[in-house]
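Comments concern the structure below.
These figures come from a predicted structure and were not determined experimentally. Within every chain, numbering begins at 1; the chains are lettered A, B, ... in the order of the sequence lines, protein sequences first and strands thereafter.
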Amino acid sequence: MHSIVDAGIIESNDQVEARLEHLRALKDLVGNVYPNKFERSRITGRDDSITRIVDFGPVVEVVNEIKAHIATLAEGERPHQEVKDALNAKLEMLGNVRVSGRLTTTPRTMGKAAFVHISDGKNRLQIYVRKDDAAGVRNDFGFSNLDFGLEETSTENPKSEIQIPESPSGWDIFKLLDGGDFVGVEGFLFLTNTGELSVHVMKLQFLSKSLLPMPDKMHGIADPEIRQRQRYADLIASSLQVEHEGLTTRQVFEIRAKVISSIRRFLEDAGYIEVETPMLTPKATGAAAKPFVTHHNALDIDLYARIAPELYLKRLTVGGFEKVYELNRNFRNEGISYKHNPEFTMLEFYCAYMDVNGMMDFCEELLRQSIQEATGGLKVNYEGREIDFFEFERISMVDAVLRYLPTIPSIPVDRTWFNDTVKLRRLLGVAFAHSIRIPTEDGIGIQRTAEEIWNFGNEESILSQEYQDESILVFLFEEFAEPNLVQPTFIIDFPKSISPLSKASPANPEIAERFELFINGMEVANGFSELNDPQEQYERFLDQMQQRERGDDEAMVLDEDYIRALSYGMPPAAGIGIGIDRLVMLLTNKHSIRDVILFPHLRPERKAVEESDEAEGQN
RNA sequence: GGUCCGAUAGCUCAGUCGGUAGAGCAAAUGGCUUUUAACCAUUGGGUCCCAGGUUCGAGUCCUGGUCGGAUCACCA
């Protein structure tokens, strides 16, 4: 049988060899080197994790007292013995603890005693092992069995027949530990000469081996590929690192979890019910995107990974769920970028009898509460800029373009330009001119002045005949306004033609009652008053199909069953989709969506592919 | 897909003008019973991403490729 080293799954080097050798020696000492359990003490009320111990009130109190004492001392001066003794007496009153964790470093041994920190992935606690007084534990008998197992068996079997291996010394076990190993210890809490909370180990039990060396404790993992491909190693590294800028990887995902649970709580408190609609669907509906296709053998039909749950959720409003939400994955077979992953987490919810304005109000409240709960405030620092979630601006798409359009005094642009095809085309030319950056040696490129852009743009406008008026507006918005929308901003008054599922504004039939929320130039949410007229919806779908025939493969497909559902009558309603990954990026100051997804999609590992091909060739 | 940057010990990184391959951490051995990125001494450890070229000589220069990152264009 191949070993994992022979098979090339882990690389063999002097580090790994040394660890394997330690493991063999440990096997002789403790028996089972992968024991099944370790029972932790319960001085904090339930299983004492390291985090629960260091957060435990009486412990925190003692730690704060020694900190206060140290603050009064000169630099380098040790805490006074009598202060330490008094506090250590308090810690001893708490009783012995049994805690377990991963060694964060190689042990610092000093002749006949040693210190090392153990970590529960979140917090660390120092343990102190002395050659004199640390007993080792054999895993065949274990902590609890050591005390009770002997008596039970001895009633049935003569004592002489039982082979009880001699207990190893804790020190012998300790000498075979490597950074990253798991151990369980029993002992008492105390403060060291430098005032650090530690466990004086009386019993040491080996729990599991790390055969691979731990990531660098100062630098962590530098290779971004390993960070994302081997997230487990990234999480270990971020918990071991002595210093780090910003949040640790673990903290990022803790914030993500907090935001999500806070959102669920908010929606539930507001009367929403969570549902799960199909991930595999016969039609890729509800959004404009390329889907993943798969095949169901038994039914012999193609199925699509859903690109949005929208139409299913609205079917549920037809069925009588007045407030309904789904918080789960969507799949889109499109590019990967800093803000795109093939699968991403979307919150969608629908509320009967509400319109787009009510939805914007509600969305603001939802975001404010969940951001407050997840981060402790409403202001976040994102790439050096402060984003304030207290205020959300609302501005129409046309006004947003007007605000950020480069202007020159000789050509005053106003709202009327957007209703004039000729003038719109001039603006499109300006947008083309604006998008062209003159390359420079440093590769960054320089932008032209407003005057140059206008002069150049007016020549370019002749190229723009193929654009429809509405798509020109969107193009202008994306070119001029979008990158500038840093603070939370609702863009409202979308052209109806690009919003096939939204209701038109009562005031203007060409405008959809729709908004998109932009933060830091990124679309974070998209909502509207839901179109519930089956006849109009049918016509909008037909229009989309025409666009598809003209070559737009992202135009929506017709969903007859959805039209049938609407025909039963759907209440007026508003709905919204919120991109959770992007929201988490903003809250954790992460520039890439891959940093807020635990296992983002990457190219297949090159080495592994080649080797498995070779193996197949040999067989 | 375009442009720019990178790949050297297990990890993080130096490597000058083209001239014997380096440091810290990690590993091994020894010392040290309250250390804090512990310390001291000794030792081992390299396909300098791959292929080709220039050269007496290439980690270094040139060409091509692989992998990765950043960025721009399309998509939420």
Considering only atom [atom1], compute the distance from [N] to [M] and round it to an integer number of Å.
N: B/A51; M: B/U43; atom1: P; value: 34 Å
N: B/G44; M: B/A27; atom1: C1'; value: 9 Å
N: B/G6; M: B/G10; atom1: P; value: 23 Å

Could you tell me how far apart [X] ([atom1]) and [N] ([atom2]) are, to the nearest whole angstrom?
X: A/Ile307; N: B/C74; atom1: CD1; atom2: P; answer: 20 Å
X: A/Glu478; N: B/A73; atom1: CD; atom2: P; answer: 11 Å
X: A/Phe190; N: B/U33; atom1: CZ; atom2: P; answer: 16 Å
X: A/Asp234; N: B/C11; atom1: CG; atom2: C1'; answer: 15 Å
X: A/Asp595; N: B/G69; atom1: CG; atom2: P; answer: 11 Å
X: A/Tyr128; N: B/C32; atom1: OH; atom2: P; answer: 14 Å

Under 4.0 Å, counting only non-hydrogen atoms across every strand here, what does [X] touch: a base, just sugar-phosphate, or nothing?
X: A/Gln15; value: base
X: A/Asn13; value: sugar-phosphate
X: A/Glu196; value: base
X: A/Asp133; value: nothing
X: A/Ala288; value: sugar-phosphate
X: A/Arg19; value: nothing
X: A/Gln126; value: base
X: A/Lys339; value: base
X: A/Thr106; value: sugar-phosphate
X: A/His22; value: sugar-phosphate
X: A/Arg124; value: nothing

Looking only at N and O atoms, is any donor in the side chain of A/Asp132 or the base of B/U33 less than 3.5 Å from an acceptor on the other one? yes
Closest heavy-atom pair, A/Ser529 versus A/Val356, reported as atoms and distance to 0.1 Å, is OG-N, 3.0 Å
Measure across A/Glu310 and A/Gly286 and return the closest heavy-atom pair with its distance rounded to 0.1 Å. OE1-O, 3.5 Å
Taking only Lys NZ, Arg NE, NH1 and NH2, and the carboxylate oxygens of Asp or Glu, determine whether A/Arg514 and A/Glu516 approach each other closer than 4.0 Å. yes
Do A/Tyr128 and A/Phe190 make the cut of ring centroids closer than 6.0 angstrom? yes
A/Phe518 ring center near A/Phe477 ring center (under 6.0 Å): yes
Once the angle between the rings of A/Phe292 and A/Phe331 is folded into 0 to 90°, is it parallel (under 30°), tilted (30 to 60°) or perpendicular (over 60°)? perpendicular
